[in-house]
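Nothing here was measured: the structure is a model prediction, and the numbers come from that model. One-based numbering, in listed order, for ligands and for the atoms of each. Every heavy atom of this structure was used, including side-chain atoms; hydrogens, water molecules and symmetry mates were not.
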Amino acid sequence: MARKAGVLISPSILSADFTCLGEEIKAVQDSGADWLHVDVMDGAFVPNITIGPLVVSAARRVADIPLDVHLMINNADIFLEDFQQAGANILAVHPEACPHLHRTLTRIRELGMKAGAALNPSTPLCCVENVLGELDVLMLMTVNPGFGGQSFIRTMLPKVRAARKMIDSSGFDILLEIDGGVSPKTAPYLLNEGADVFVAGSAVFGAPPYGDAIRALRGH
Ligand code: DX5
Ligand code: ZN
């Protein structure tokens with residue numbers, strides 16, 4: 001996916017008020033969000049349970065911006081079509097839960113979505129180096145996935161730098177997305193390392209007004 005000038009902001013609805021999710025989605029969209037991040041958790045791959053295709057399709061009905069769906073689930077392969085039907089635009093899987101990553105990424109693209117791979121903090125970059133041609137988005141986790149509002153793991157900064165280098169030298173159009181603990185404090189370091197997309201849950205939904213929160217992440 002082609003890089004734009006400036007970082008893209010993908011607010012995570014995990015930190016939204018679910019009693020009025022539609023209003024929350026419209027509010028971040030009107031406040032300048034570029035994508036909407038949807039965290040799908042199964043209580044097995046990660047120690048939390050969140051939402052599934054039903055909520056993605058509800059979000060689709062109110063959102064005009066791309067739905068950036070992050071699958072933190074085992075057996076992702078059997079759900080790819082469900083999330084496509086629900087309206088996902090970008091679908092990211094975890095290689096730790098997808099033994100046939102090349103097949104999974106290829107299938108995501110065949111279904112007309114952008115293919116993403118999300119790497120846990122402890123997962124090395126080399127696990128995607130042979131599938132860069134099938135990737136549209138490389139998502140680096142800067143917290144251990146499962147919950148919003150966790151502290152940024154600072155020791156991930158060299159990994160972000162190495163990912164930028166790997167993408168640039170590959171020649172493929174891959175966006176580098178950072179997920180976990182992104183805030184106005186950590187964002188400048190990540191921008192400096194070449195991040196293209198920021199996921200932010202608590203730093204947007206927990207820091208109204210949303211327009212100011214999003215601008216603070218962009219650095220202006
Ligand atoms: C964590 C999720 C994140 C989370 C980010 O497992 O993948 O997307 O919502 O939340 P913050 O920005 O609060 O760290
Ligand atoms: Zn996420």
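The part of Ala200 lying near ligand 1 is the backbone, judged by heavy-atom distances below 4.0 Å.
Residue Gln150 places no N or O, backbone or side chain, under 3.5 Å from any N or O of ligand 1. Here's the thing with Gly181: one of its N/O atoms is less than 3.5 angstrom from an N/O atom of ligand 1. Considering backbone and side-chain N/O of His70, one or more are found under 3.5 Å from N/O of ligand 1. Of the polar atoms of Gly149, at least one N or O is found under 3.5 Å from an N or O of ligand 1, judged by distance alone. At least one N or O atom of Asp179 sits closer than 3.5 Å to an N or O atom of ligand 1.
Under a 4.0 Å criterion applied to the non-hydrogen atoms of Met41, ligand 1 contributes the atoms 6 (O). Near Val199, with a cut-off below 4.0 Å to any heavy atom, the atoms of ligand 1 are 8 (O). Those atoms of ligand 1 with a heavy atom of Pro145 less than 4.0 angstrom away are 6 (O). Residue Gly180 has at least one heavy-atom neighbour below 4.0 Å for each of these atoms of ligand 1: 14 (O). The atoms of ligand 1 that sit less than 4.0 Å from any heavy atom of Met141 are 7 (O). Atoms of ligand 1 lying under 4.0 Å from at least one heavy atom of Met72, given by number and element, are 6 (O), 7 (O). The contact set between ligand 1 and Asp39, taken as ligand atoms under 4.0 Å from a residue heavy atom, comprises 2 (C), 3 (C), 4 (C), 7 (O), 8 (O), 9 (O). Contact atoms of ligand 1 toward Ser202: 11 (P), 12 (O), 13 (O) (distance under 4.0 Å to a heavy atom of the residue).
Contact annotation: the side chain of Glu193 never approaches that of Leu176 to less than 4.5 Å [non-hydrogen atoms, C-beta and beyond]. You'll find the side chain of Ser15 stays beyond 4.5 Å of the side chain of Val204, heavy atoms only. For the pair Thr104/Leu80, a side-chain contact is recorded, criterion being any heavy-atom separation below 4.5 Å from C-beta on. Under the 4.5 Å side-chain criterion, counting only non-hydrogen atoms from C-beta, Leu191 is in contact with Phe198. Under the 4.5 Å side-chain criterion, counting only non-hydrogen atoms from C-beta, Leu175 is in contact with Leu8.
Taking atom 1 (C) of ligand 1 as the reference point, the nearest protein heavy-atom neighbour is Phe147 O, 3.5 Å. From the protein, the heavy atom lying nearest to atom 12 (O) of ligand 1 is Gly201 N, 2.8 Å. Closest to atom 6 (O) of ligand 1 among all protein heavy atoms lies Gly146 N, 2.7 Å. Looking at atom 10 (O) of ligand 1, its nearest protein heavy atom turns out to be Gly148 CA, 3.5 Å.
We find that Asp136 and Arg109 are joined by a salt bridge, their nearest charged nitrogen and carboxylate oxygen being less than 4.0 Å apart. Comment: Arg218 engages Asp34 in a salt bridge, judged by a side-chain N to carboxylate O separation of less than 4.0 angstrom.
With hydrogens and angles ignored, the 3.5 Å screen pairs a side-chain donor or acceptor of Arg164 with a backbone N or O of Gly194. A donor-acceptor pair is defined here as one N or O able to donate and one able to accept, closer than 3.5 Å; no such pair exists between the side chain of His37 and the backbone of Ser10. Between the Glu177 side chain and the Val197 main chain, no donor and acceptor come within less than 3.5 Å of each other. Under a 3.5 Å cut-off, the side chain of Glu96 and the backbone N or O of Leu119 do not form any donor-acceptor pair.
The aromatic rings of His94 and Phe45 sit tilted, their planes meeting at an angle between 30° and 60°.
With the Zn ion (ligand 2) as vertex, Asp39 OD1 and His70 ND1 subtend 90°, rounded to 10°. Rounding to 10 degrees gives 100° for the angle at the Zn ion (ligand 2) between NE2 of His37 and OD2 of Asp179.
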